[in-house]
Amino acid sequence: MGRQLSLFSVVPVFVCVCLMNVKCVETQNVSDFSSFTETFRRVYHVHSEEFRRRFRYFQNATKRHAHLNLFSTGPQSAKYGINQFSDLSPDEFRDVYLRASMDRAPPYSGQTLKGLPLKFDWRDKAVVGPVQDQKACGSCWAFSVVGALQAVHSIAGWPLEQLSVQQVVDCSYLNQGCNGGSPAKALYWLKQTNVTLVSQSEYPYKATTGMCHFFSRSHTGVCLKDFSAHSFSDQEEAMMGQLVLRGPLVAVVDAVSWQDYLGGIIQHHCSCQEANHAVLVVGYDATGDIPYWIVQNSWGTTWGNEGYVYLKIGGNICGIADSVAAVVL
């Protein structure tokens, strides 16, 4: 089971507080932290070691935001600041939320579609499910796969229905549940076993790894017929065509800097050079000066652009094109 983060609370403080018995912090910093804890419903005691540690991480985050924003000066550039992850250390953030692994995919060798629209968004077709929140469970790999399956099922003419992420977390034996996994391995498991993926209402999400619940093959649900996985590095126009032709795409990215993301188009700051997070690419927009991918995340609607992140098209930003999967039902 993935390491669970507790919820903490803070008593509002508007006077100078001594941090680690070394120096006093300014009233405004404490006030900002108090506002943060109230907004994100943290619960812990002011005089505890936990308070001092979380406050230190919060201060470090504000310094990190200032550094990141130095490189984001354009009107559409990504902005970084306080969000629900601002009281986590970078290591904690990675350990809990960045638990996807990437299987090497062969380069795409198919044709590039011509005459693509400048803007295409599967949300406009009402086939993309709502933004979900994986919580303190490293299950992004499962959310991305399920998001693609339910979208393609709806594109085929069925009513949009949220399918069970928990079923994939519990039953995909090639992965490690909340401790992480690979979208490609989850797709292979679905294809190999011909598992019927049931609705979320039948198998609700619990943000923990549990025992697998089995359903008969005759049970109502969705089965994966096939999938493809390719690298579109240096071929993002071809990736755009696959998105239009085949539906939302599963991608594995480097999301280390996303801990601080507030909105805008990411054009830099993917520095770890290692894939660690799985997402769902639902569209693109090339009508403006900076073309960008529209990517659904699984960290709730309070993060980013109401749960979405925008990545510049071209240059393989954050490794968005390194390992991309499409599903066939």
Side-chain angles (χ1 to χ4, degrees), residues 2 5 7 39-41 78-86 88 93 96-100 119-155 159-169 178 181 183 186 197 199-201 203-208 222 243 247-255 257-266 276-285 292-311 318 320 324-325 327:
L5 295 180
L7 292 179
T39 298
F40 295 105
R41 299 181 181 180
K79 301 301 179 185
Y80 301 88
I82 295 170
N83 64 15
Q84 67 259 46
F85 302 128
S86 294
L88 302 181
F93 176 72
V96 176
Y97 294 98
L98 305 184
R99 300 305 298 257
K119 181 179 180 180
F120 189 89
D121 190 339
W122 280 110
R123 293 177 298 177
D124 295 339
K125 315 292 185 183
V127 298
V128 178
V131 171
Q132 302 291 296
D133 188 351
Q134 68 187 69
K135 301 181 182 178
C137 168
S139 54
C140 59
W141 57 275
F143 276 95
S144 62
V145 165
V146 171
L149 283 168
Q150 63 193 22
V152 172
H153 188 242
S154 183
I155 291 169
L160 177 61
E161 180 181 28
Q162 288 183 250
L163 300 175
S164 176
V165 173
Q166 190 66 45
Q167 183 179 7
V168 179
V169 170
C178 284
L197 200 59
S199 69
Q200 180 173 268
S201 60
Y203 203 150
Y205 185 65
K206 297 181 179 179
T208 60
V222 177
L243 174 77
L249 303 171
V250 178
V252 188
V253 299
D254 166 14
S257 68
W258 296 13
Q259 177 177 1
D260 304 303
Y261 177 75
L262 296 181
I265 303 172
I266 294 180
N276 45 47
H277 186 55
V279 291
L280 186 68
V281 185
V282 303
Y284 64 82
D285 189 337
Y292 60 89
W293 295 109
I294 302 168
V295 179
Q296 187 185 76
N297 202 358
S298 53
W299 296 339
T301 57
T302 62
W303 179 87
N305 301 286
E306 297 183 339
Y308 285 81
V309 54
Y310 304 149
L311 300 174
C318 296
I320 186 68
V324 180
V327 304

What's the separation between atom [atom1] in [X] and atom [atom2] in [Y], rounded to the nearest 0.5 Å?
X    : Y    : atom1 : atom2 : answer
H277 : Y97  : NE2   : OH    : 11.0 Å
W299 : N83  : CH2   : CG    : 9.0 Å
L163 : S201 : CG    : OG    : 9.5 Å
Y80  : W258 : OH    : CH2   : 10.0 Å
L280 : W122 : CG    : CH2   : 12.0 Å
I320 : L249 : CD1   : CG    : 9.0 Å

Check: residues 136-148 side-chain donor-acceptor pairs under 3.5 Å, at least two apart:
unit_1 : atom_1 : unit_2 : atom_2 : d
S139   : OG     : Y205   : OH     : 2.8
W141   : NE1    : G138   : O      : 3.1
W141   : NE1    : G177   : O      : 3.2
S144   : OG     : C140   : O      : 3.4
S144   : OG     : W141   : O      : 2.9

For a quick test of your reading: what N or O donor-acceptor pairs under 3.5 Å do the side chains of residues 124-133 make, sequence neighbours left out?
unit_1 : atom_1 : unit_2 : atom_2 : d
Q132   : OE1    : Q162   : NE2    : 3.4
Q132   : NE2    : P130   : O      : 3.2
D133   : OD1    : K135   : N      : 2.9

Verdict with supporting geometry, V281 and V324, side-chain contact (heavy atoms from CB on, under 4.5 Å): CA-CA 9 Å; V281 185; V324 180; over 6 Å; no

Heavy-atom pair of closest approach, residues [X] and [Y]:
X    : Y    : answer
I294 : D121 : CD1-OD2, 3.7 Å
V309 : W303 : CB-CH2, 3.6 Å
Q166 : A207 : OE1-N, 3.6 Å
V169 : C178 : CG1-N, 4.2 Å
F40  : T302 : CE2-OG1, 4.4 Å
C318 : L311 : SG-CD2, 4.1 Å

Just to verify, what does Q150 make a side-chain hydrogen bond (donor to acceptor under 3.5 Å, both in side chains) with, not counting sequence neighbours?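 For Q150 there are no side-chain hydrogen bond (donor to acceptor under 3.5 Å, both in side chains) partners, ignoring immediate neighbours.
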
Specify whether Y292 and Y310 have parallel, tilted or perpendicular ring planes, treating 30° as the upper limit for parallel and 60° as the lower limit for perpendicular.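 Rings of Y292 and Y310: tilted, 30 to 60°.
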
